[in-house]
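For reference, the structure discussed in these notes is given below.
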Amino acid sequence: MSKVYQKLETCLNSIRGKTDFQPEVALVLGSGLGDYADEISICQTLDYSQIDGFPTSTVAGHKGRFVFGYVNQLPVVIMQGRVHYYEGYSMTDVVLPTRLMGMLGAKKLILTNAAGGVNPNYTPGDFMLIADHIATAVPSPLIGENLWQLGTRFPDMSEVYSLRMRGIIKGLAVDLGIDLKEGVYVQFTGPGYETPAEIRMCRSWGGDAVGMSTACEAMAARHMGLEVCGISCITNMAAGISSGQLNHNEVQETADRVAGQFKKLITEVIRHI
Ligand code: HPA
């Protein structure tokens, strides 16, 4: 058995020793949505550090947890705190929590993130439904021995972000009066923000938003057959699109400003997908 799968099994067994919760939907919280878990009816939480084999050792003070609970009777597992590639983890470790949520039983995955706007028609505070992604600037999480227990060697990626879910989400945004954009998310490694030249490249590739997460998680989830959707919060315009320097405070401030609306949308998405 591959080392990567062994690690997943160790983590899964450890979780199963602590809870028999069966989620249907998995949700990954990005910047600004971090406290979303407070809004649901929580059954149990599990710090990543309580899970044997979970990759928390390489970065001091790494925080994060799984939250198990219900949104309108629907069992949900929430990943509160991502593992990022820029922190120094391998890509297989980065997607380990996503895979675990699938192995716990989740069939549907909702990914959220903060992203820089590359499309000049976007404004900080906008939400963007992810229609597709470009992940060629980061290593694939599927590199290495294939995990046959989860999926095939050469998985199809022609519809990573479910057309069915996207249709539902667009309808929900209309009902909520949210002007939801739809576009292509480009993942870079970070942690430095991109250069203006990289952002021009993104634009010429067909990218609409840029960030440091998500696409790898979506790929791992599709590999194992989960139905995936993703929503970005455009927290800033990417480098060179608007003047001025980028900093994390701006990202956090915008995310905080629109968090209320984002939470409303996510709750409706969970209820309707
Ligand atoms: N670039 C990359 N990641 C980001 C950005 C950005 O401009 N904003 C929020 N996350």
Side-chain angles (χ1 to χ4, degrees), residues 4 7-19 21-23 25-71 75-106 108-115 138 141 187 189-191 211-221 224 226 228 230-233 235 248-249 251-252 255-256 259 262-263 266 270:
V4 173
K7 198 170 189 175
L8 280 163
E9 279 214 315
T10 303
C11 291
L12 184 66
N13 290 337
S14 175
I15 296 172
R16 281 295 173 229
K18 297 175 171 71
T19 179
F21 192 88
Q22 295 281 337
V25 174
L27 168 66
V28 179
L29 299 180
S31 304
L33 267 183
D35 62 354
Y36 178 78
D38 299 343
E39 309 217 339
I40 77 163
S41 116
I42 297 177
C43 294
Q44 199 172 344
T45 64
L46 211 49
D47 288 353
Y48 296 156
S49 60
Q50 292 174 268
I51 303 169
D52 299 331
F54 199 98
T56 53
S57 56
T58 60
V59 178
H62 187 95
K63 269 224 204 92
R65 59 180 192 164
F66 286 123
V67 176
F68 302 98
Y70 289 86
V71 174
V76 178
V77 55
I78 298 179
M79 212 174 113
Q80 195 176 28
R82 267 199 163 95
V83 179
H84 291 95
Y85 187 58
Y86 63 71
E87 292 172 273
Y89 297 99
S90 67
M91 261 300 177
T92 49
D93 276 352
V94 169
V95 302
L96 176 137
T98 304
R99 282 175 161 157
L100 276 178
M101 295 193 295
M103 291 167 81
L104 286 169
K108 296 166 188 170
L109 173 66
I110 304 166
L111 297 165
T112 67
N113 60 39
V138 292
Q187 181 175 359
T189 64
M212 304 175 192
S213 66
T214 305
C216 55
E217 297 158 345
M219 269 191 281
M224 64 190 298
L226 270 66
V228 178
I231 305 174
S232 295
C233 174
T235 50
H248 187 65
N249 288 343
V251 169
Q252 202 58 55
D256 290 346
F262 207 6
K263 286 176 192 170
I266 294 303
I270 294 172

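As a basis for the values below, the full set of heavy atoms in this structure was taken, side chains included, without hydrogen atoms, waters or symmetry mates.
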Does the side-chain hydrogen bond (donor to acceptor under 3.5 Å, both in side chains) test come out yes or no for Thr92 and Arg99, once each step is laid out?
CA-CA 10 Å; Thr92 49; Arg99 282 175 161 157; 5.9 Å; no
How long is the span from the [atom1] atom in [X] to the [atom2] atom in [Y], to the nearest 0.5 Å?
X: Met79; Y: Met101; atom1: CE; atom2: CE; answer: 5.5 Å
X: Gln80; Y: Asp35; atom1: CD; atom2: CG; answer: 8.0 Å
X: Leu12; Y: Leu104; atom1: CG; atom2: CG; answer: 5.5 Å
X: Ile266; Y: Ile231; atom1: CD1; atom2: CD1; answer: 4.0 Å
X: Thr112; Y: Leu33; atom1: OG1; atom2: CG; answer: 4.5 Å
X: Tyr48; Y: Leu100; atom1: OH; atom2: CG; answer: 9.5 Å

Quick one: does [X]'s side chain have a donor or acceptor within less than 3.5 Å of a partner on [Y]'s backbone?
X: Gln187; Y: Ala215; result: yes
X: Ser14; Y: Asp52; result: yes
X: Asp93; Y: Tyr89; result: no
X: Ser232; Y: Ala114; result: no
X: Lys7; Y: Leu96; result: no

Please assess Arg65 against Thr45 for the test side chain to side chain contact (heavy atoms under 4.5 Å, CB included), listing each intermediate value before the final yes or no.
CA-CA 7 Å; Arg65 59 180 192 164; Thr45 64; 3.4 Å; yes
Take Ile40 and Tyr70, measure what side chain to side chain contact (heavy atoms under 4.5 Å, CB included) needs, and give me the verdict at the end.
CA-CA 6 Å; Ile40 77 163; Tyr70 289 86; over 6 Å; no
After noting the C-alpha distance and the side-chain angles of Phe66 and Thr19, does the key distance pass the side chain to side chain contact (heavy atoms under 4.5 Å, CB included) rule?
CA-CA 11 Å; Phe66 286 123; Thr19 179; over 6 Å; no
Considering all heavy atoms, the nearest [X]-[Y] contact:
X: Met91; Y: Pro141; result: CB-CA, 3.9 Å
X: Ala37; Y: Leu29; result: N-CD1, 4.2 Å
X: Thr235; Y: Val251; result: CG2-O, 3.4 Å
X: Phe21; Y: Gly69; result: CZ-O, 3.3 Å
X: Ala220; Y: Val95; result: CB-CB, 3.7 Å

Side chains of [X] and [Y] in contact at under 4.5 Å (non-hydrogen atoms):
X: Ile51; Y: Cys11; answer: yes
X: Phe54; Y: Leu46; answer: no
X: Val67; Y: Val77; answer: no

Taking only residues at least two apart or on different chains, which pairs with a member in residues 38-50 satisfy salt bridge (charged side-chain N to carboxylate O under 4.0 Å, His left out)?
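For residues 38-50: Glu39-Lys263.
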Evaluate side chain to side chain contact (heavy atoms under 4.5 Å, CB included) for Arg82 paired with Thr214, printing each intermediate quantity in order.
CA-CA 10 Å; Arg82 267 199 163 95; Thr214 305; 3.1 Å; yes
I'd like to check the ring pair (Phe, Tyr, Trp, His ring centres under 6.0 Å) partners of Tyr85; sequence neighbours left out, ordered by chain and number.
none
Among Val28, Val25, Ile42, Leu27, find the one that has a side-chain contact (heavy atoms from CB on, under 4.5 Å) with Ile78.
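Single side-chain contact (heavy atoms from CB on, under 4.5 Å) partner of Ile78 among Val28, Val25, Ile42, Leu27: Leu27.
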